[in-house]
> 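Below: one structure in structure tokens.
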Amino acid sequence: MNKVVKNATEAVRDIQDNMTLMLGGFGLCGIPENLIRALHDKGVTGLTCISNNAGVDDFGLGVLLERHQIKKMISSYVGENAEFERQLLSGELEVELNPQGTLAERCRAGGAGIPAFYVPAGYGTEVAEGKEVREFNGKMYLLETALTADFALVKAWKGDTAGNLVYRHTANNFNNMMAMAGKITIAEVEELVPAGELDPNCIHTPGIFVQRIFQGENYEKRIEFATTRD
């Protein structure tokens with residue numbers, strides 16, 4: 001099976017309106033920049049996006065929000081995007097907020113084939129509304145369901161032609177677990193090497209979870225807040 005595609009445009013060729021997407025990254029670290037730009041250019045709308053955050057106003061998922069390509073966000077932290085806030089308050093955007101650990105486990109469970117699990121985070125808050133509550137050993141827990149997606153879009157440091165991926169430092173955040181939970185997983189990498197060149201002991205995502213891979217370009221790797229000494 002040849003998993004290598006030419007570029008991001010080819011990789012997203014069959015992503016259609018109203019699909020559910022998982023997008024790796026934490027803040028602006030380890031986000032699939034090329035794939036997000038390709039979705040922006042393709043113009044697909046009605047997307048449900050599962051992502052830890054919503055980028056910033058002019059970068060990351062913020063560029064899709066700006067063009068109203070996203071109808072629903074399933075996220076954890078969204079405080080750095082003013083357009084996100086505006087759409088949420090105006091009712092233009094549906095939002096499902098999750099405690100960060102819960103979101104991570106929902107993605108991991110989806111990839112592991114676990115349909116639901118109990119977690120204490122969120123009990124007694126708005127997060128618990130409409131969810132089953134159960135007591136274990138004197139502590140209350142919420143039933144949370146797993147998350148999967150039509151496509152998972154992830155970004156890795158290195159990958160090989162068989163789809164094996166290696167993430168670098170903090171870019172190994174939501175990428176790894178989301179790569180397992182997509183029906184089709186597309187990986188963009190900074191360096192694409194022939195199969196067999198990666199150390200098997202260093203591989204984070206085995207190629208069995210990846211259906212398409214390409215070498216990205218023009219990475220900006222922005223920093224949300226640059227803090228420097230006076």
Side-chain angles (χ1 to χ4, degrees), residues 8 11 21-39 49-65 73-81 84 97-112 119 121 146-149 151-160 163-182 185-193 197-207 209-210 212-229:
L21 310 180
M22 283 181 168
L23 299 104
F26 185 94
L28 301 181
C29 176
I31 65 172
E33 297 179 28
N34 286 256
L35 290 167
I36 292 172
R37 285 195 295 267
L39 290 174
C49 291
I50 303 168
S51 173
N52 180 65
N53 63 289
V56 292
D57 288 305
D58 62 343
F59 192 66
L61 286 180
V63 299
L64 302 185
L65 285 167
M73 285 291 306
I74 301 175
S75 302
S76 174
Y77 178 72
V78 293
E80 306 306 328
N81 194 313
F84 179 100
L97 291 177
N98 295 254
Q100 193 163 89
T102 300
L103 180 65
E105 183 61 11
R106 291 182 74 188
C107 296
R108 191 201 69 83
V119 63
L147 290 171
T148 58
F151 286 84
L153 311 182
V154 301
K155 191 261 181 177
W157 176 43
K158 289 185 179 181
D160 67 18
N164 298 301
L165 305 177
V166 178
Y167 308 105
R168 188 169 186 268
H169 302 315
T170 51
N172 185 7
N173 40 55
F174 282 82
N175 281 297
N176 197 355
M177 59 194 72
M178 288 182 172
M180 298 172 60
T185 293
I186 305 172
E188 61 175 84
V189 299
E190 293 184 37
E191 183 179 353
L192 183 62
V193 300
E197 283 202 13
L198 298 178
D199 182 348
N201 295 304
C202 296
I203 291 172
H204 295 112
T205 297
F209 294 110
V210 177
R212 298 174 195 166
I213 189 169
F214 68 96
Q215 184 165 308
E217 58 184 8
N218 301 322
Y219 286 108
E220 294 187 45
K221 298 185 180 180
R222 290 199 200 178
I223 298 173
E224 285 184 79
F225 291 102
T227 302
T228 58
R229 185 177 300 166

> Minimum heavy-atom separation for M178 to S51, with atom names?
CE-CA, 4.1 Å
> How would you list, by chain and number, every residue that makes a side-chain contact (heavy atoms from CB on, under 4.5 Å) with V63, sequence neighbours excluded?
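Counting only residues at least two positions away or on another chain, V63 forms a side-chain contact (heavy atoms from CB on, under 4.5 Å) with I36, H40.
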> In residues 54-62, what donor-acceptor pairs under 3.5 Å come from side-chain atoms, sequence neighbours left out?
residue : atom : partner : partner atom : Å
D57     : OD1  : A82     : N            : 3.2
D57     : OD1  : E83     : N            : 2.9
D57     : OD2  : A82     : N            : 3.4
D58     : OD1  : R222    : NH1          : 3.1
D58     : OD2  : R222    : NH1          : 3.3

> Side chain of N173, backbone of G25: donor and acceptor closer than 3.5 Å?
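Yes, the answer is positive, given that a donor and an acceptor are paired below the 3.5 Å cut-off.
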> Identify the heavy atoms of V210 and R212 that sit nearest to each other, and give their distance.
CG1-O, 3.3 Å
> Please list all pairs meeting salt bridge (charged side-chain N to carboxylate O under 4.0 Å, His left out) that have one or both residues in residues 197-206, counting only residues at least two apart or in different chains.
none
> Stepwise, does the side-chain contact (heavy atoms from CB on, under 4.5 Å) test hold for K155 with E33?
CA-CA 8 Å; K155 191 261 181 177; E33 297 179 28; over 6 Å; no
> Which residues pass the side chain to side chain donor-acceptor pair (under 3.5 Å) test with T205, sequence neighbours left out?
Y167, N176
> Rounded to the nearest 0.5 Å, how far apart are NE2 of H204 and CG of N175?
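Answer rounded to 0.5 Å: 11.0 Å.
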> Not counting sequence neighbours, which residues clear salt bridge (charged side-chain N to carboxylate O under 4.0 Å, His left out) with E217? List them please.
none
> Begin with the C-alpha distance, continue with both residues' side-chain angles, and end with the deciding distance and a verdict on salt bridge (Lys or Arg N to Asp or Glu O under 4.0 Å) for E190 and K221.
CA-CA 12 Å; E190 293 184 37; K221 298 185 180 180; 3.0 Å; yes
> Go through the structure and list residues passing side chain to side chain donor-acceptor pair (under 3.5 Å) with N164, not counting sequence neighbours.
D160
> Looking at F214, I'd like to know if its CZ atom is crowded, meaning that more than 12 non-hydrogen atoms belonging to other residues, nucleotides or ligands lie closer than 6.0 Å.
yes
> Enter the distance from F151:CZ to I50:CD1 here, rounded to the nearest 0.5 Å.
13.5 Å
